[in-house]
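Structure record follows, encoded as structure tokens.
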Amino acid sequence: WPSLLKYYSHSDGVSWLEEYKARHNAGLEAQRIVASFSKRFFSEHVPCDGFSDIETLGCPSHFFEDELMCILNMEGRKGLTWKYYAKKILYFLRQQNILKNLKEYLQRPTERQSFLEGAVLIDQYCNPLSDICLKSVQAQVDDITDKVRKVLRTKNPRHPSLAAKAGEVLIPEVELQRQVLDAMNCVLYEQLKYKGNELDYYNSLNSYIHQVLIRRTGIPISLSVLYLTIARQLGVKLEPVNFPSHFLLRWCQGKEGSTDIFDYTYIDAFGKGKQLTVKECEYLIGHHVTEEFYGVVTSKEVLQRMVGNLLNLGKRESTDQSYQLLRDSLDLYLAMYPDNVQHLMLQARLYFHLGIWPEKVLDILQHIQALDPSQHGAVGYLVQHTLEHIERRKEELGPEVKHRSDEKHKEVCFSIGLIMKHKRYGYNCVIYGWDPACMMGHEWIRNMNVHSLPHGPHQPFYNVLVEDGSCRYAAQENLEYNSEPREIPHPDIGRYFSEFTGLHYLANTELEIRYPEDLELTRATVQKIYSSGKE
């Protein structure tokens, strides 16, 4: 109820019986769709059109979302498969809504595009399951602004920024503006200990405004958005400067709207609000830049740079095999610049690399070809291989069922759901598949130096989900039972397993179909290994 309260007004005449019925029916519909996802999409990534049921819901979306949240909040170790698909559906629903809000934001006149709101929209899109809203973020910024007013009051009790409607009118006197900035630096950097995150600069959390407020650290652009917002609420007009390698703000010391770069002082929010001259800005990055880089930029260009930072981080992230950050930031970039050929090509290549959404890849490639015919070589190559992928998928038979009673499987010692430890690398993992011998190609076998193992490729190999979020293919001789089994925090755990018992994982229906004799073996193995203790 508390999460639904915001959808009602005290003045509404509500039929609570009808509301209850609507919520109940939405819950049944959500459960039906979530239950169907495992059966439909176990062997492939949820396709683009996989969410079509949800886009044509016959029930209020907030009730549908509420049921998904109920599923996600079920008792921790059970309903893992339901939670896995409920999370995917909720992720999709919220991102679609946020994207709609972003497009509406971009269509507004520039003067109505708040820098803070833009930063919140980016944050929400990349973290759709977190409880982030503009109202909450604005309240935190207002709280900091109030603290600045208190400091300002001790320095100058008659300062115009202390008036009830301060911020609606800009303060014209430079000295009074300076007092505001000094009070801001005192509160942000001395009292609240905000600082640039030099030690962990390339952490994506530095780009999310709600995390900047929680952790009190960030990168130049996120700290600049916070600094600029507070200054404007106190009647000081600061402007964003898209300076290379280090985002800055500028503060006019001369005639308003001056085009002379020397009429401005430049503020480094990452460097505790330090005020810089043009020459000092160049010292900051170690080289000379032309005047154009000192010019003011629009809110859309600020968002473009924020998203560009996330794109670069998404390319760097090696442990996330789903490339979620890269996919999200590409979505955001293309929402702003839908005809950018470079980023459209990156998106097509990414989906192709991941082996997902081949139909969407073809649509993207068709769009690229229409925009820039000179790309026909790269487009033709990807079209050919994507069509081959679609044909292979059509030819695929039903799931391969592996029976332990088969003679060729007699050397397979371990079973689905067991928590294992890698003897050489020490990582903890859970088995979700196995082969009687290495099924990878010659190049992989050579690169992984499999022939140096005593039993080489001619031994069982296991598909494992690793605690660091990766998926690996491990030789039997390199695995051993884990003496202290624990939950494996892998994002795909629910795709294969329905429950963690405390000692092992239970395969879900779809995985059990493929390995029908493993469940009993896993239970027997666990009973034998851990009989002295937990079970």
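Computation of the quantities below employed the complete heavy-atom set of this structure, encompassing side-chain atoms and omitting hydrogens, waters and symmetry-equivalent molecules.
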- request: State whether the number of non-hydrogen atoms from other residues, nucleotides or ligands found under 6.0 Å of Asp131 atom CG is greater than 12.
  value: no
Test item: Lys423 side-chain N/O and Glu477 main-chain N/O as donor-acceptor pair under 3.5 Å: yes
query: If we only count heavy atoms from C-beta on, is the Phe247 to Ser224 side-chain gap below 4.5 Å?
result: yes
- prompt: If you take all heavy atoms of Val307 and Met336, which pair is closest and at what distance?
  reply: CG2-CE, 3.7 Å
- prompt: Can you tell me how far CG of Leu326 sits from NE2 of His353, rounded to the nearest 0.5 angstrom?
  reply: 10.0 Å
message: A cation-pi test, strictly: NZ or CZ of Lys300 under 6.0 Å from the centre of the six-membered ring of Tyr337 and no more than 45 degrees from its axis. Yes or no?
response: yes
query: Taking the side chain as C-beta and beyond, is there a heavy-atom pair between Ile285 and Pro244 under 4.5 Å?
result: yes
field: Heavy-atom closest contact (Ala475 atom, Gln459 atom, distance)
entry: CB-NE2, 3.6 Å
task: Report yes or no: does Ser136 contribute a side-chain atom to a donor-acceptor pair with the main-chain N or O of Cys133 at less than 3.5 Å?
output: no
- prompt: Can you name the one residue among Asn428, Leu503, Leu418 that meets side chain to side chain contact (heavy atoms under 4.5 Å, CB included) with Asn482?
  reply: Asn428
- prompt: Are side-chain heavy atoms of Asn197 and Ile219 found at a separation under 4.5 Å?
  reply: no
query: Going by heavy atoms in the side chains, are Tyr432 and Cys471 under 4.5 Å from each other?
result: yes
message: How about CE on Met439, more than 12 heavy atoms from neighbouring residues, nucleotides or ligands closer than 6.0 Å, or not?
response: no
field: Arg77 to Gly502 - nearest heavy-atom pair and separation
entry: NH1-CA, 3.7 Å
message: In terms of relative ring orientation, are Tyr427 and His422 parallel, tilted or perpendicular, with 30° and 60° separating the classes?
response: tilted
field: Check against side chain to side chain donor-acceptor pair (under 3.5 Å), Asn206 and Tyr201
entry: CA-CA 7 Å; Asn206 294 325; Tyr201 190 89; over 6 Å; no
- prompt: Take atom NE2 in His62; do more than 12 heavy atoms of anything else shown fall under 6.0 Å from it?
  reply: yes
field: Side chain to side chain, His490 and Tyr496, heavy atoms closer than 4.5 Å
entry: no
- prompt: Can you tell me if Ser38 and Thr81 form a side-chain donor-acceptor pair at under 3.5 Å?
  reply: no
- prompt: Quick one: are the ring centres of Phe414 and Tyr481 less than 6.0 Å apart?
  reply: yes
field: Centroid-centroid distance, Phe461 to Tyr473, less than 6.0 Å
entry: yes
query: Can you tell me if Gln476 uses its side chain to pair, donor with acceptor, with the backbone of Cys413 under 3.5 Å?
result: yes
task: Would you name the heavy atoms of Leu465 and Phe497 that are closest together and state the gap between them?
output: CD1-CE1, 4.4 Å
statement: The reported gap from CG in Leu365 to NE2 in His376 (rounded to nearest 0.5 angstrom) is 14.0 Å
- request: Would you give the length of the straight line joining atom NE2 of His343 to atom OH of Tyr333, rounded to the nearest 0.5 angstrom?
  value: 4.5 Å
message: Please check: side-chain N/O of Tyr189 versus main-chain N/O of Ala269, any donor-acceptor pairing under 3.5 Å?
response: yes
side-chain contact (heavy atoms from CB on, under 4.5 Å) assessment of Leu226 paired with Tyr194: CA-CA 11 Å; Leu226 176 61; Tyr194 275 79; 3.7 Å; yes
field: Output field: ring centroids Trp82/Phe37 closer than 6.0 Å
entry: no
message: Tell me if the NE2 atom of His455 is crowded by more than 12 foreign heavy atoms within 6.0 Å.
response: no
- prompt: Counting only N and O atoms by type, is there a donor-acceptor contact under 3.5 Å from the side chain of Asn127 to the main-chain atoms of Asp123?
  reply: yes
message: Let's go through Val379 and Met345 carefully: what are the C-alpha distance in whole Å and the side-chain angles of both, what is the deciding distance for side-chain contact (heavy atoms from CB on, under 4.5 Å) to 0.1 Å, and is it a yes or a no?
response: CA-CA 8 Å; Val379 167; Met345 184 62 83; 4.0 Å; yes
Check: Thr217/Arg215 side-chain N/O donor and acceptor closer than 3.5 Å: no
message: Atom NZ of residue position Lys100 - does it have more than 12 heavy atoms of other residues, nucleotides or ligands inside 6.0 Å?
response: no
message: With a 3.5 Å distance limit and no angle check, can you tell me whether Asn203 reaches the backbone of Leu205 through a side-chain donor-acceptor pair?
response: yes
message: Is a donor from one side chain sitting under 3.5 angstrom from an acceptor on the other, for Gln375 and Gln369?
response: no
message: Between Tyr91 and Asp328, do the side chains contain a donor N or O and an acceptor N or O under 3.5 Å apart?
response: yes
- request: Examine distances only and state if a side-chain atom of Glu517 and a backbone atom of Ser405 form a donor-acceptor pair shorter than 3.5 Å.
  value: yes
Arg495 vs Glu510, salt bridge (Lys or Arg N to Asp or Glu O under 4.0 Å): CA-CA, chis, key distance, verdict: CA-CA 9 Å; Arg495 180 174 178 181; Glu510 296 306 312; over 6 Å; no
task: For Val430 and Phe500, run side-chain contact (heavy atoms from CB on, under 4.5 Å): C-alpha distance rounded to whole Å, both residues' side-chain angles, the deciding distance at 0.1 Å, then the answer.
output: CA-CA 11 Å; Val430 58; Phe500 179 63; over 6 Å; no
task: Give a yes or no on whether the backbone of Leu325 and the side-chain of Ser329 come within a donor-acceptor separation of less than 3.5 Å.
output: yes
Cationic tip of Arg327 above Trp357 ring, under 6.0 Å, 45° of axis: yes
statement: When rounded to the nearest 0.5 Å, the distance separating CD of Glu467 from CD1 of Ile488 is 5.5 Å
task: Before accepting this row, confirm whether a basic side-chain N of the pair Glu301/Arg305 lies closer than 4.0 Å to the acidic partner's carboxylate O.
output: no
message: Are Val401 and Tyr515 packed together at the side-chain level, in the sense that at least one heavy-atom pair is separated by less than 4.5 angstrom?
response: no
query: Does NE2 in His442 sit with more than 12 non-hydrogen atoms of other residues, nucleotides or ligands closer than 6.0 Å?
result: no
message: Quick check against the 3.5 Å criterion: does Arg514 have a side-chain atom that pairs as donor or acceptor with the backbone of Glu400?
response: no
task: Would you confirm whether Asn73, through its side chain, and Met69, through its main-chain N or O, come within 3.5 Å as a donor-acceptor pair?
output: yes
message: Less than 4.5 Å apart, side chain to side chain, heavy atoms only: is that true for Arg404 and Val412?
response: yes
task: On the 0 to 90° scale, with breaks at 30° and 60°, tag the His210-Tyr208 ring pair as parallel, tilted or perpendicular.
output: parallel
- prompt: Does NZ or CZ of Arg316 come closer than 6.0 Å to the centre of the six-membered ring of Tyr202, within 45° of the ring's axis?
  reply: yes
Leu387 vs Leu362 side-chain heavy atoms within contact, under 4.5 Å: yes
message: Would you call the rings of Phe270 and His246 parallel, tilted or perpendicular, taking 30° and 60° as the class edges?
response: perpendicular
field: From Gln95 atom CD to Cys126 atom SG, the distance as rounded to the nearest 0.5 Å
entry: 7.5 Å
query: CD1/Ile209 to CG/Leu121 distance, rounded to the nearest 0.5 angstrom?
result: 12.0 Å
message: Check this for me, if you would: do Glu484 and Lys421 make a salt bridge, where the nitrogen-to-carboxylate-oxygen distance has to be below 4.0 angstrom?
response: no
message: For a side chain to side chain donor-acceptor pair (under 3.5 Å) check, start with the C-alpha distance between Asp435 and Tyr462, then their side-chain angles and the critical distance, and finish with the verdict.
response: CA-CA 6 Å; Asp435 295 309; Tyr462 298 84; over 6 Å; no
statement: Smallest heavy-atom separation, Lys402 atom then Pro516 atom, equals O-CD, 3.6 Å
